[in-house]
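Everything numeric in this text was worked out from a predicted model, so none of it was measured. In the text below, chain A, chain B and the rest are named by the order of the sequence lines, each starting its count at 1. Computation of the quantities below employed the complete heavy-atom set of this structure, encompassing side-chain atoms and omitting hydrogens, waters and symmetry-equivalent molecules.
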Protein chains: 2
Amino acid sequence: MASSIAETITDRLTDMPAGERRAAQALIASYPMLGLKTVAEFAQRAGVSSPTILRLVARLGYQNYAEFQSALNDELAARLQSPLSRTGRARPGRDGGVAPLLSAMLENISETFRVVSAKQIGEIVTLLSDPRRKVHLVGGRFTDPIARYTTAHLAIIRPGVSHLDGQENQWRDRLIDMGKRDVLVVFDIRRYQDSLLHLAEKANARGVTIVLVTDQWLSPIARFASHVIAGRTSVPSAWDSSAALFILAEHLIAGVTERLPEQSAARIREMDALRRE
Amino acid sequence: MASSIAETITDRLTDMPAGERRAAQALIASYPMLGLKTVAEFAQRAGVSSPTILRLVARLGYQNYAEFQSALNDELAARLQSPLSRTGRARPGRDGGVAPLLSAMLENISETFRVVSAKQIGEIVTLLSDPRRKVHLVGGRFTDPIARYTTAHLAIIRPGVSHLDGQENQWRDRLIDMGKRDVLVVFDIRRYQDSLLHLAEKANARGVTIVLVTDQWLSPIARFASHVIAGRTSVPSAWDSSAALFILAEHLIAGVTERLPEQSAARIREMDALRRE
DNA sequence: CAGAAAACGTATCAAACATTACGTCGGCGA
DNA sequence: TCGCCGACGTAATGTTTGATACGTTTTCTG
């Protein structure tokens with residue numbers, strides 16, 4: 001079976017009428033971009049008429065031109081998500097295969113930081129470094145640990161950092177403590193939790209500045225967030241990897257540490273002293 | 001100077017109205033495919049109206065939507081021609097230098113997996129996949145979130161998984177429930193916590209199988225553990241990065257998922273059904 | 001060489017589309 | 001508090017686009 005559309009086309013190239021074959025070859029020559037343009041342009045570049053293009057598409061088994069284009073689109077999106085895996089099949093890896101998972105994670109991380117700019121992180125760090133602002137952190141089912149991790153570190157560097165734990169209805173009580181000066185950091189990936197959305201909505205209504213760390217599909221909370229950073233999460237597995245989000249969180253921690261060097265150093269000394277007793 | 005459209009967008013992200021920023025972020029999140037679709041679809045996926053998309057495009061300096069799409073098209077075509085040439089944005093790390101931290105983390109991860117063998121992970125996975133064994137997880141001050149994360153995932157895949165939370169003296173009560181068939185997974189990095197050491201010691205005395213995930217300096221718990229995997233943690237900062245440990249944890253999760261495919265699938269379905277009600 | 005069938009392009013139409021004009025809401029300053 | 005300005009969405013409009021019907025040309029067959 002042909003795995004890519006290009007393969008399907010070359011396979012059936014022989015039993016095509018002359019005009020359609022010319023069109024098909026033109027498509028393959030500048031694949032897949034030509035297929036994403038309009039029928040008229042496709043036709044012109046191939047030196048045939050529009051109906052010939054449509055007949056070709058029909059011959060390939062697509063109901064209409066739009067369907068054909070989405071197929072190309074999907075293929076392209078898949079290829080872009082993993083830039084390393086050329087058109088050649090990714091090979092699901094033998095069972096033992098640790099490597100494919102690891103490389104997917106590394107690629108997620110690289111890709112995430114290709115998209116997220118230092119400036120974006122810097123702005124969030126500025127927010128989190130403001131000693132006058134209280135910082136609240138919370139996450140979803142799988143991301144809440146990342147919120148906790150971030151809290152644990154930030155709480156060392158500066159005062160006024162807290163994690164929203166406990167039951168979801170307890171969160172509402174905490175909302176009373178939040179005002180316009182405060183920051184709410186939310187971690188939320190698929191499947192997005194309604195409870196987090198409600199929380200963000202209410203916090204937003206109170207004027208709280210919301211920072212959202214989410215996946216590439218963007219949690220609906222983005223609607224209320226003034227800062228959004230999206231990490232890649234897809235790995236060859238039944239679940240999503242939060243590794244990129246974790247590393248984003250560590251970058252935020254690093255940023256705040258760097259921004260408040262003297263303060264964090266003093267606090268660390270103080271805490272060490274307290275612990276030693 | 002911005003070399004890619006994505007960069008141009010992120011740079012100018014701050015001085016944009018809220019709606020356009022949402023659109024821009026949506027575009028970045030699924031770049032560049034979203035920009036190649038129709039205005040209406042772009043608008044819907046971004047949660048704004050069509051005119052907002054067009055205003056964004058105009059703000060970016062394009063005469064009309066078609067011109068904007070051709071620009072994306074050209075960029076995409078260029079990238080496809082040489083898949084290796086990622087949009088070169090190594091970003092020579094000016095002062096803000098996100099890069100050195102990131103590359104240190106990536107190096108930690110690679111180095112970790114150069115040392116940790118697939119066999120080691122496989123053995124631990126075998127332990128964690130044994131349905132007759134209960135699994136308890138716990139971590140230190142900064143690593144406990146990783147323990148929680150691992151718990152959240154394993155608990156979906158199989159029964160009998162629990163995280164040791166609450167105060168440290170509560171842990172002792174939980175020890176009663178642990179026997180020779182059980183597994184205790186401990187995450188512990190510098191500075192190693194005495195409380196964890198005590199817990200591990202007592203658990204070991206009860207015949208509990210101990211799995212230790214630690215840093216390259218090896219927690220003293222290694223003495224009691226039957227399985228030890230060490231991740232690199234050093235980064236150019238005042239604190240240590242747990243990213244490698246996090247990714248190790250995700251590999252354990254992946255391993256167990258793969259080992260118990262039918263069971264996890266069934267449990268996931270069941271849980272989804274419960275949640276839907 | 002005659003006839004038919006297939007291939008292809010032209011002309012046309014209806015749906016989808018980008019684009020513009022306009023009204024409304026919300027925030028900011030007087 | 002009132003009035004102004006920018007941001008945003010709704011609705012209307014003119015254009016583009018994919019799709020189809022039909023006539024012409026080409027190709028194969030007997």
Side-chain angles (χ1 to χ4, degrees), chain A residues 5 9 12-27 32-73 179-181 201 203-210 220 222-228, chain B residues 5 9 12-27 32-73:
Chain A
I5 298 174
I9 294 173
R12 308 183 48 178
L13 209 58
T14 50
D15 43 47
M16 279 187 190
E20 297 181 27
R21 190 178 331 164
R22 231 167 33 166
Q25 279 168 337
L27 173 58
M33 301 313 291
L34 188 55
L36 295 176
K37 301 190 185 293
T38 67
V39 174
E41 187 164 352
F42 190 167
Q44 190 189 345
R45 293 259 306 264
V48 297
S49 69
S50 302
T52 301
I53 301 296
L54 295 175
R55 277 190 282 263
L56 167 66
V57 167
R59 185 185 299 272
L60 292 175
Y62 298 98
Q63 214 64 30
N64 50 37
Y65 194 68
E67 190 178 304
F68 166 70
Q69 283 195 323
S70 358
L72 283 179
N73 241 310
K180 300 189 181 184
R181 309 206 66 94
E201 189 172 6
N204 178 63
R206 296 183 63 89
V208 177
T209 304
I210 296 180
R223 181 183 178 80
F224 306 111
S226 52
H227 295 269
V228 178
Chain B
I5 298 174
I9 295 173
R12 307 183 48 182
L13 209 58
T14 51
D15 43 49
M16 279 186 190
E20 295 181 31
R21 184 163 40 204
R22 266 221 321 261
Q25 280 167 338
L27 172 59
M33 301 313 291
L34 189 53
L36 296 175
K37 301 190 184 292
T38 67
V39 174
E41 188 165 351
F42 190 166
Q44 189 188 349
R45 294 260 305 261
V48 299
S49 69
S50 302
T52 301
I53 301 296
L54 295 174
R55 280 189 281 264
L56 167 66
V57 167
R59 186 184 298 270
L60 292 175
Y62 299 97
Q63 215 64 30
N64 50 36
Y65 193 69
E67 190 179 307
F68 165 70
Q69 283 194 324
S70 330
L72 281 179
N73 241 310

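- A straight line from CE of A:Met16 to C1' of C:dA6 spans 16 Å, rounded to a whole angstrom.
- Annotation for A:Phe224 and A:Glu201: closest pair CZ-CG, 3.6 Å, computed over non-hydrogen atoms.
- Rounded to an integer number of Å, the gap from CZ of A:Arg22 to C1' of C:dG9 is 12 Å.
- The B:Glu20 side chain lies nearest to D:dC8 when the options are D:dC8, C:dT19, D:dA19.
- Residue B:Thr38 places its side chain closer to C:dA18 than to any other of C:dG9, C:dA18, D:dG18.
- Shortest non-hydrogen contact noted between B:Ala24 and B:Leu13 is CB-CD1, 3.5 Å.
- Rounded to whole angstrom, the span from the CZ atom of A:Phe42 across to the C1' atom of D:dA19 amounts to 16 Å.
- Comparing B:Gly47 and A:Leu54 by the nucleotide of DNA chain D whose heavy atom lies nearest to each, the residue mapping closer to the 5' end is B:Gly47.
- Here the side chain of A:Pro17 is nearest to one of C:dA7, D:dG9, D:dC8, namely C:dA7.
- Atom pair A:Leu36:CG and D:dG18:P shows a separation of 12 Å (rounding to whole Å applied).
- In this structure, B:Tyr62 atom OH and C:dA18 atom C1' are separated by 18 Å, rounded to whole Å.
- Rounding to whole angstrom units, NZ of residue B:Lys37 and C1' of C:dC17 are separated by 16 Å.
- Residue A:Ser49 is classed as a base contact, given a heavy-atom separation below 4.0 Å to a base.
- The OH atom of A:Tyr65 sits 21 Å away from the P atom of C:dA15 (whole-angstrom rounding).
- The structure places CD1 of A:Ile9 at 6.5 Å from CG of A:Leu56, a figure rounded to the nearest 0.5 Å.
- Note on B:Thr52: a side-chain N or O is less than 4.0 Å away from OP1 or OP2 of D:dG9.
- The side chain of B:Asn64 has C:dT19 as its nearest neighbour among D:dG18, C:dT19, D:dA7.
- Relative ring orientation between A:Tyr65 and A:Phe42 is described as tilted, the plane-to-plane angle lying within the 30° to 60° band.
- Pairing each heavy atom of A:Asn64 with each of A:Val57, the nearest pair is O-CG1, 3.8 Å.
- Looking at B:Arg55, its side chain comes within 3.5 Å of the base of D:dG9 through a donor and an acceptor atom.
- Here D:dT20 presents its C1' atom at 15 Å from CD of A:Gln63, a figure rounded to the nearest Å.
- When the nucleotides C:dC8, D:dA7, C:dT10 are ranked by their closest atom to the side chain of A:Pro51, C:dT10 comes out on top.
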